[in-house]
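Computed from heavy atoms alone, side chains included, the values below leave out hydrogens, waters and symmetry copies.
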Amino acid sequence: MRFFSLLTVVATLLGAVSAATLPVKHEPKCAHEEVVSTTYIGKDKNVKLQLSHCDDELLVDAHGNLVTTLTKRQSSNVCGAPCNTYCWSSATGAPTISDCTVIEHALLYESQNTGVLFNVSAYGTPTNKVTMQYLTCLTYFLNQDFNTLTYCRTEWSKLVNWLASDCSAANNDHGGLCVATDQRWYVQVQHS
Ligand SMILES: *[C@@H]1O[C@H](CO)[C@@H](O)[C@H](O)[C@H]1NC(C)=O
C-alpha cells in the first residue's frame with residue numbers, strides 16, 4: 001500500500017483553501033495499521049472490506065491540534081450529514097475511476113442485500129476505520145468521534161463516485177477526502 005506524502009497534502013490544502021481551521025492530515029497516516037477482520041463484499045465478492053484501527057490517523061488542524069469533539073448530546077446517525085471535499089493536486093497517483101466504480105456498485109449491492117445502515121465503532125476502539133479496496137482504488141470511513149457512528153452505504157457510494165471523479169487525474173488531482181462539517185468522521189478515496 002502506498003501512502004501520500006503528508007507535506008504534499010498540507011501544502012495542497014493550504015494552497016487551495018485559505019480557511020485557518022481547515023482540518024489537514026498532519027502525520028504520515030497509519031504507520032501502524034492493526035487489522036481486525038478482512039472480508040469480501042459485493043455481488044462478485046471482489047471488494048476487500050477491512051475493519052482496523054490506526055492510532056495516528058486523526059485529523060489535526062494546521063497547528064497540530066486534534067480536530068475532534070466530545071459529542072455525547074449529538075445524534076450518532078450521520079447518514080447524509082454534510083461534509084467538505086478536499087482534493088490533493090498532482091496528476092499522478094490517482095486511483096482508476098473504473099476501479100472506484102466497482103466499489104461504488106458493491107456498496108449499493110450491500111445496501112440492498114445487507115442493509116443501508118452500518119455502525120462504525122468509536123475512536124479508540126480497534127475497528128474505528130472501515131476500508132474498502134478494489135485494485136487501484138481504496139476508500140475508507142474513519143470515525144474520529146468518541147461515540148459509535150451510524151453511516152449509510154448509499155451515501156458512501158455517492159462519495160466514492162464524487163471523490164473519484166472530482167479528484168481525478170483528469171482534474172490534476174489524485175484523490176481526496178470529504179470531512180464532516182462537524183469533523184466527527186471523514187471519507188477518503190485514494191490509490192491503494
Ligand atoms: C448500531 O448500533 C445501535 C446501538 O447499539 C443499534 O441499536 C443498531 O441496531 C446498530 N445498527 C446497525 C445497522 O448495526
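Checking side-chain atoms of D182 against main-chain N and O of R184 turns up a donor-acceptor pair under 3.5 Å. Formation of a donor-acceptor pair under 3.5 Å by the H53 side chain with backbone atoms of N128 is not found in this model. D173 contributes no side-chain N or O that, together with a main-chain N or O of C87, makes up a donor-acceptor pair within less than 3.5 Å. T125 places a side-chain N or O within donor-acceptor distance of the main-chain N or O of A122, the cut-off being under 3.5 Å. No donor-acceptor distance shorter than 3.5 angstrom exists from the side chain of Q133 to the backbone of T139, with no hydrogens or angles considered. With hydrogens and angles disregarded, no donor-acceptor distance shorter than 3.5 Å links the side chain of T181 to the backbone of C83.
Annotation: the span from R153 atom CZ to T114 atom OG1 amounts to 5.0 Å, rounded to 0.5 Å. Rounded to the nearest 0.5 angstrom, L142 CG and T131 OG1 are separated by 8.5 Å. The structure places CG of L49 at 4.5 Å from CE of M132, a figure rounded to the nearest 0.5 Å.
Crowding of K43 atom NZ: a count of heavy atoms from other residues, nucleotides or ligands under 6.0 Å not exceeding 12.
For the 3.5 Å distance criterion, the side chains of Q144 and Y123 fail to qualify, holding no donor opposite an acceptor. Using a 3.5 Å distance cut-off with no hydrogens or angles, the side chains of T127 and S121 do pair a donor with an acceptor.
L177 and W88 make their closest contact through CD2-CZ2, 4.1 Å (heavy atoms, listed as atom of the first residue, atom of the second, distance). Counting all heavy atoms, side chain and backbone alike, N143 lies closest to N147 at ND2-O, 3.0 Å. Scanning all heavy atoms of the two residues, the minimum distance from W156 to V130 falls at CH2-O, 3.4 Å. The two residues N46 and Y134 have their closest heavy-atom pair at O-CD1, 3.3 Å. Listed here is the closest heavy atom pair of C79 and L117: CB-CD2, 4.3 Å. Across L138 and S192, no two heavy atoms sit closer than the pair CB-CA, 3.9 Å.
Under a hydrophobic-cluster definition in which Ile, Leu, Val, Met, Phe, Trp and Tyr are linked whenever side-chain heavy atoms come within less than 4.5 Å, directly or via other members, V47 and F118 are assigned to the same cluster. V116 and L149 fall into different hydrophobic clusters, where Ile, Leu, Val, Met, Phe, Trp and Tyr are joined by side-chain heavy atoms under 4.5 Å apart, directly or via other members. Hydrophobic clustering places V102 together with L135 (ILVMFWY residues linked when any side-chain heavy atoms are closer than 4.5 Å, directly or through intermediates).
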- Query: Could you walk me through whether E34 and S52 pass the side chain to side chain donor-acceptor pair (under 3.5 Å) check?
  - Reply: CA-CA 5 Å; E34 290 166 32; S52 66; over 6 Å; no

- Item | CA sep, side-chain torsions, deciding dist, call: T150, N119, side chain to side chain donor-acceptor pair (under 3.5 Å) | CA-CA 4 Å; T150 303; N119 285 341; 2.8 Å; yes

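Cation-pi check for K45 over Y40 is not met; the charged atom does not lie both under 6.0 angstrom from the ring centroid and within 45 degrees of its normal.
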Please output the side-chain donor-acceptor pairs of residues 93-100 that fall under 3.5 Å, not counting sequence neighbours, one pair per line with the distance.
unit_1	atom_1	unit_2	atom_2	d
T96	OG1	T136	OG1	3.4
D99	OD2	T136	N	3.1
D99	OD2	T136	OG1	2.6

Could you give the side-chain donor-acceptor pairs of residues 157-171 under 3.5 Å, partners two or more places apart or in another chain?
unit_1	atom_1	unit_2	atom_2	d
S157	OG	E104	O	2.9
K158	NZ	E155	OE2	2.9
N161	ND2	E104	OE1	3.3
N161	ND2	E104	OE2	3.1
W162	NE1	T85	OG1	3.1
S165	OG	N161	O	2.7
S165	OG	W162	O	3.4
S168	OG	S165	O	3.0
S168	OG	A170	N	3.4
N171	ND2	S165	O	3.4
N171	ND2	D166	O	2.8

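Using the six-membered ring where Trp is involved, Y151 and F141 have ring planes that are tilted, between 30° and 60° apart.
Within the 4.5 Å cutoff, no side-chain heavy atoms of L108 are placed close to those of E110. Taking the side chain as every heavy atom from C-beta outward, Y140 and V187 never approach each other to under 4.5 Å.
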